[in-house]
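Below is one structure, written out as C-alpha cells; the observations come after it.
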There are 2 protein chains.
Amino acid sequence: MIKIQQNTLYGEAAARIRDMINEGLLLPGARIPEKRLCEQFGISRTPLREALKVLASEGMVELLPNRGARVMRLTRQTLEETYSVMGALEGLSGELACRYITEEEVADIQALHYQMMAHYKRKEIRPYFEFNQRIHDAIMLASRNEVLRETHSSLSYRIQRVRYSTNMIDEYWKQAVADHEAMIDCLLDRDGERLGNILREHLRHKLVVAAASGVIDDDRAASS
Amino acid sequence: MIKIQQNTLYGEAAARIRDMINEGLLLPGARIPEKRLCEQFGISRTPLREALKVLASEGMVELLPNRGARVMRLTRQTLEETYSVMGALEGLSGELACRYITEEEVADIQALHYQMMAHYKRKEIRPYFEFNQRIHDAIMLASRNEVLRETHSSLSYRIQRVRYSTNMIDEYWKQAVADHEAMIDCLLDRDGERLGNILREHLRHKLVVAAASGVIDDDRAASS
DNA sequence: AAAGTGAATTATGAATACAAAACAGCAAAA
DNA sequence: TTTTGCTGTTTTGTATTCATAATTCACTTT
C-alpha cells in the first residue's frame, strides 16, 4: 500500500527483501537474518528494520516480538481466500471499466488481446501471461478507482511468489482464453454486469494450475 | 494489515498516532511533529520512525523523503472509491456467509438486529451504529475468509476518521434499516446472491451523511 | 519593495552504542 | 538417561550520535 520510497535506504532494502522472497532466496517460514542482510546490503540495521516493518504491513513477513521476522507462509487456503477477494475486486473493476472506459482504451485492450492470442497459438506461456496481466491492468486502470487498484495490487503482490505449472492443463488454458474473448465482447458492448460476473469467476480456475512451489498445503502446514 | 504489536514501543506509538489522527488531534495534511511526539510519548525517535512506517503502510500518513510525514488527506473522491471497494468486499462476505453460517450465528445476528432496531426506534444514533457495525462484523466473520476480513478491516480503518452527521436524514436511515431487514431474511434463507447484492449497494447511501469533518471536498483539495 | 544570497538553525535519515531478551551449550543433580 | 540450572553468546529493541538536507532568517543588491 505504501508507495515504495526507492530513494531511501529502507525502501531499497524492502524492495530487495521482497525480491528475495519472491525468487525463493528467502523461504516461507524462514527467519530473516538481520545481521547477514545488513552485511550483504552494506547498510546499518536501522533502515533494514524499518524495511521489515514495511514488509510486515504488506503481509510478506511476520514480526515476532523479541524473536525477529519470518517470511510469511502462504498456504493453499490463504491463496484460495486471496483469489476469492481478488475476484470480487476484479469483478468491480469490470463493472466500473464499462462505465468509464474510452474508445482508445478499448482498442488498446483489443490489441493486447490479439498479442496474447498469438502467444496462445504458439504455446508460449510466459509472454501469454505477461499480456494477460497487461489486459487486467488496463481494465483496472479504466475503472478509475485508485483505492481499488491499490487494494488489488497489494493482494497481488502477496501471492507473486506463486509459480504456475508450466505444463499447463489445456482445459484451463482454453477456459481462460474463452473468458478473455467474452471479456472483450463485454468491453465493446459496455456490458458491465456481464464483465463483472466473468471477472468474479475468472480467477477460480487459476488455483488449479498453482504449482506446489511457493504454496504450502494445509496438511503440511499443520504437521510443521 | 500488520497485527499491532502492542508490546513494542513502535506498536504502541503507531496506535497512539492513529488515535490522534482519528480523534482530530492531528489534522489531515498536517506535518507529523516527530520531536514533539517523542517528548510527548517519552520515547526516542527510533521507534517513532518505525511507527510512522507502519502508519504509512496503512495509508494513514504519507512519507515525504527529507520532508517528514504528513497525515493523509481523505478526499471525498477517495472516500467514494473506498466505499465502492468495501461494497464489493461486503457483497462477497454476504455470499460466503450464506454458504458457511451456522444456526447459532444467524440467531446471534438476529439478536443484534433487534437490539439495533430498539436504538433506531429511540433515535439513539451512536448505539445504533455500534450494533450496526457488530452485525457487519458477524457477517464478515461468517464468510470464513480471513484475507477478506483483513482487507476490509484495513480499508475501514482508513476512513475511521469520517464523522457522520448526527442530524441524520430520515430517508437514509429508513433505507438502511430496510436493507438490514432484508439482510436478515437473506441469512435465514441462505440467499447469498441477494444478500451479496444488498451489501454491494448498502454503503452507497452512507456517503450522503458523511459530514464535512474529516473529509476534504475535491474543490478544497485543489485550491490548497 | 522585491529578489537573491549566504549563514544559521532545524529536521531528517542513517549509523553506532547500549540494554534486555532469547538461545545454545555445558555441567550438575535427580 | 533425563532434567534442570547456570553461563556465555547472539539477537533484538531502543537510545544516542553523526551527517546531510531542508528551512528560516538576516543582509545585500536590484
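Numbers restart at 1 for each chain; the letters A, B, ... are given by sequence-line order, proteins then strands.
Look at CD1 on Ile43(B): it is 12 Å from C1' on dG13(D), rounded to the nearest Å. The separation between Leu9(A) atom CG and dA21(D) atom P is 13 Å, rounded to whole Å. Rounded to whole Å, the distance from CZ on Phe41(A) to P on dA15(C) is 13 Å. The distance from atom CD1 of Ile32(A) to atom P of dT12(D) is 10 Å, rounded to the nearest whole Å. Taking atom CD of residue Glu34(A) and atom P of nucleotide dA15(C), one finds them 14 Å apart after rounding to whole Å. Remark: P of dT12(C) and CD of Glu50(A) are 13 Å apart, rounded to the nearest angstrom. One can place CG of Leu37(B) at 14 Å from C1' of dA11(C), the figure rounded to the nearest angstrom. Rounding to whole angstrom units, CG of residue Leu48(B) and P of dT14(D) are separated by 12 Å.
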Atom pairs and distances, side-chain donor-acceptor, residues 96-108 of chain B, under 3.5 Å, sequence neighbours left out:
unit_1	atom_1	unit_2	atom_2	d
Thr102(B)	OG1	Glu105(B)	N	3.1
Thr102(B)	OG1	Glu105(B)	OE1	3.2
Glu103(B)	OE2	Arg190(B)	NH2	3.4
Glu105(B)	OE1	Thr102(B)	N	3.0
Glu105(B)	OE1	Arg144(B)	NH2	3.0
Glu105(B)	OE2	Arg144(B)	NH1	3.2

Would you give me the side-chain donor-acceptor pairs under 3.5 Å for residues 38-45 of chain A, sequence neighbours excluded?
unit_1	atom_1	unit_2	atom_2	d
Ser44(A)	OG	Thr46(A)	N	3.4
Arg45(A)	NE	Glu34(A)	OE1	3.0
Arg45(A)	NH2	Glu34(A)	OE1	3.3

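Judged as a side-chain hydrogen bond (donor to acceptor under 3.5 Å, both in side chains), and not counting sequence neighbours, the contacts of His119(B) are Glu124(B). By the side-chain hydrogen bond (donor to acceptor under 3.5 Å, both in side chains) test, Arg204(B) is found to be paired with Glu201(B), residues two or more places apart in sequence or in another chain being considered. Applying the side-chain hydrogen bond (donor to acceptor under 3.5 Å, both in side chains) rule to Arg70(A) yields no partners; only residues at least two apart in sequence or on another chain are considered. For His180(B), the ring pair (Phe, Tyr, Trp, His ring centres under 6.0 Å) partners two or more places apart in sequence, or in a different chain, are His136(B), His202(B). Checked against side-chain hydrogen bond (donor to acceptor under 3.5 Å, both in side chains), Glu81(A) has the following partners two or more places apart in sequence or in another chain: Gln77(A). In this structure, Arg31(B) has no salt bridge (Lys or Arg N to Asp or Glu O under 4.0 Å) partners at least two apart in sequence or on a different chain.
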Report, one pair per line, the protein and nucleotides 16-18 of chain D atoms (nitrogen or oxygen only) whose separation is under 3.5 Å.
unit_1	atom_1	unit_2	atom_2	d
dT16(D)	O4	Thr46(B)	OG1	3.2

Polar-atom pairs under 3.5 Å, protein N or O versus N or O of nucleotides 7-11 of chain D: list them with distances, or write none.
unit_1	atom_1	unit_2	atom_2	d
dT11(D)	O3'	Arg31(A)	NH2	3.3

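At least one side-chain heavy atom of Ile21(A) sits less than 4.5 Å from a side-chain heavy atom of Ile17(A).
Applying the side-chain hydrogen bond (donor to acceptor under 3.5 Å, both in side chains) test to pairs two or more places apart or on separate chains, those with a residue in residues 82-91 of chain A are Tyr83(A)-Tyr164(A), Glu90(A)-His152(A).
Residue Gly42(A) is the one, among Asn66(A) and Gly42(A), whose nearest nucleotide of DNA chain C lies closer to the 5' end (criterion: closest heavy atom).
Note on the helix from dA1(C)-dT30(D) to dA30(C)-dT1(D): angle between the axes of the first and last five pairs equals 20°, rounded to 10 degrees.
Using a cutoff of 4.0 Å between basic side-chain nitrogens and carboxylate oxygens, Arg76(B) and Glu80(B) are not scored as salt-bridged.
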